[in-house]
Amino acid sequence: QVQLVESGGGLVQAGGSVRLSCAASGRTFGHFAMGWFRQAPGKEREFVGAIDWYQDSTRYADSVKGRFTISRDYAKNTVYLQMNSLKLEDTAVYYCAANQMLVTSYHAWDYWGQGTQVTVSS
């Protein structure tokens, strides 16, 4: 089993920045991916971005490309989501996820964090 612990959410003004962290523990995969998803009230959970841990390659949703950056800290077993130029529509609960394969559908991801609220205000 893999456990994911998220941190870093909160209130931020539009145009501002915030960095989310997700620390993974437990038995690790030989090759796995770490991803970020978000869910706004009344909306379906959507893919934000992900990183292939072994290859160090990333993939992003078009809505966040150029504004959000995913990175990893190999020693700390932690993935980060750096969010810049935040917009009101970025307001959502952000979830960290882990999976053996990098896919964009949330249905296919095996492990999930508890979620952290990010609220963008005007």
Side-chain angles (χ1 to χ4, degrees):
Q1 189 75 273
V2 176
Q3 292 81 46
L4 305 174
V5 180
E6 302 159 334
S7 61
L11 179 66
V12 61
Q13 287 188 331
S17 299
V18 67
R19 187 176 75 161
L20 306 182
S21 300
C22 176
S25 61
R27 197 158 191 159
T28 59
F29 297 105
H31 186 184
F32 65 97
M34 297 281 288
W36 290 94
F37 295 77
R38 67 186 182 185
Q39 188 167 21
K43 292 188 175 181
E44 186 175 287
R45 190 171 300 186
E46 65 175 350
F47 176 78
V48 175
I51 184 168
D52 186 303
W53 197 263
Y54 181 76
Q55 299 291 337
D56 195 23
S57 60
T58 54
R59 181 184 295 179
Y60 300 95
D62 289 340
S63 60
V64 306
K65 192 174 296 182
R67 298 189 298 122
F68 293 6
T69 303
I70 295 173
S71 61
R72 67 176 184 179
D73 187 323
Y74 186 83
K76 295 181 178 180
N77 219 26
T78 299
V79 64
Y80 303 96
L81 178 64
Q82 178 68 46
M83 301 188 289
N84 299 325
S85 302
L86 284 164
K87 305 174 181 179
L88 293 177
E89 52 263 42
D90 293 320
T91 295
V93 176
Y94 284 74
Y95 296 92
C96 178
N99 201 51
Q100 191 167 359
M101 183 177 294
L102 199 166
V103 293
T104 58
S105 175
Y106 75 89
H107 300 281
W109 290 71
D110 291 328
Y111 305 99
W112 293 89
Q114 78 284 356
T116 183
Q117 176 72 43
V118 175
T119 302
V120 183
S121 67
S122 60

Any side-chain heavy atom of Leu20 sitting closer than 4.5 Å to one from Glu6?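 SC-SC contact between Leu20 and Glu6 ruled out.
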
Are any non-hydrogen side-chain atoms of Lys76 and Ser21 less than 4.5 angstrom apart?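 When only atoms from C-beta onward are counted, Ser21 and Lys76 do not touch, as no gap falls below 4.5 Å.
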
From [atom1] ([X]) to [atom2] ([Y]), nearest 0.5 Å:
| X | Y | atom1 | atom2 | value |
| --- | --- | --- | --- | --- |
| Glu89 | Lys43 | CD | NZ | 8.0 Å |
| Tyr111 | Gln3 | OH | CD | 9.0 Å |
| Gln117 | Tyr94 | CD | OH | 9.5 Å |
| Thr58 | Ile51 | OG1 | CD1 | 6.5 Å |

Should Met83 and Leu11 be regarded as members of a common hydrophobic cluster, given that ILVMFWY residues are connected when their side-chain heavy atoms come within less than 4.5 Å of each other, either directly or indirectly?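 Different hydrophobic clusters.
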
Treating Ile, Leu, Val, Met, Phe, Trp and Tyr as nodes and any side-chain heavy-atom pair under 4.5 angstrom as an edge, say whether Val93 and Val118 lie in one connected cluster.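 Hydrophobic grouping puts Val93 apart from Val118.
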
Please work out which of the three classes, parallel, tilted or perpendicular, describes the rings of Trp109 and Phe37, given edges at 30° and 60°.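 Because their plane-to-plane angle is over 60°, the rings of Phe37 and Trp109 count as perpendicular.
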
Please check if the side chain of [X] supplies one atom and the backbone of [Y] the other of a donor-acceptor pair under 3.5 Å.
| X | Y | answer |
| --- | --- | --- |
| Asp52 | Ala33 | no |
| Thr91 | Val120 | yes |
| Tyr60 | Ile70 | yes |
| Gln82 | Arg19 | no |

Using every non-hydrogen atom in the two residues, find where [X] and [Y] come nearest and quote the distance to one decimal.
| X | Y | value |
| --- | --- | --- |
| Val48 | Phe68 | CG1-CD2, 3.7 Å |
| Val79 | Ser71 | CG2-O, 3.2 Å |
| Phe47 | Thr104 | CB-O, 3.2 Å |
| Ala24 | Leu4 | CB-CD2, 3.7 Å |
| Ala50 | Leu102 | CB-CG, 3.7 Å |
| Ala98 | Met34 | CB-SD, 3.6 Å |

Under a 4.0 Å N-O cut-off, is there an ion pair linking Lys87 with Asp90?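 No, Lys87 and Asp90 are not salt-bridged.
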
Determine, stepwise, if the pair Gln39 / Tyr95 fulfils side-chain contact (heavy atoms from CB on, under 4.5 Å). CA-CA 8 Å; Gln39 188 167 21; Tyr95 296 92; 4.2 Å; yes

Run the side-chain contact (heavy atoms from CB on, under 4.5 Å) check on Tyr74 and Asp56 step by step: do they pass? CA-CA 10 Å; Tyr74 186 83; Asp56 195 23; over 6 Å; no

Cys96 and Trp112: side-chain contact (heavy atoms from CB on, under 4.5 Å), yes or no, with the steps? CA-CA 6 Å; Cys96 178; Trp112 293 89; over 6 Å; no

Apply side-chain contact (heavy atoms from CB on, under 4.5 Å) to Arg38 and Val64, showing your working. CA-CA 11 Å; Arg38 67 186 182 185; Val64 306; 4.1 Å; yes

Return yes when atom CD of Gln114 has more than 12 non-hydrogen atoms of other residues, nucleotides or ligands closer than 6.0 Å, and no otherwise.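 Yes, CD of Gln114 has more than 12 neighbouring heavy atoms, counting only those of other groups under 6.0 Å.
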
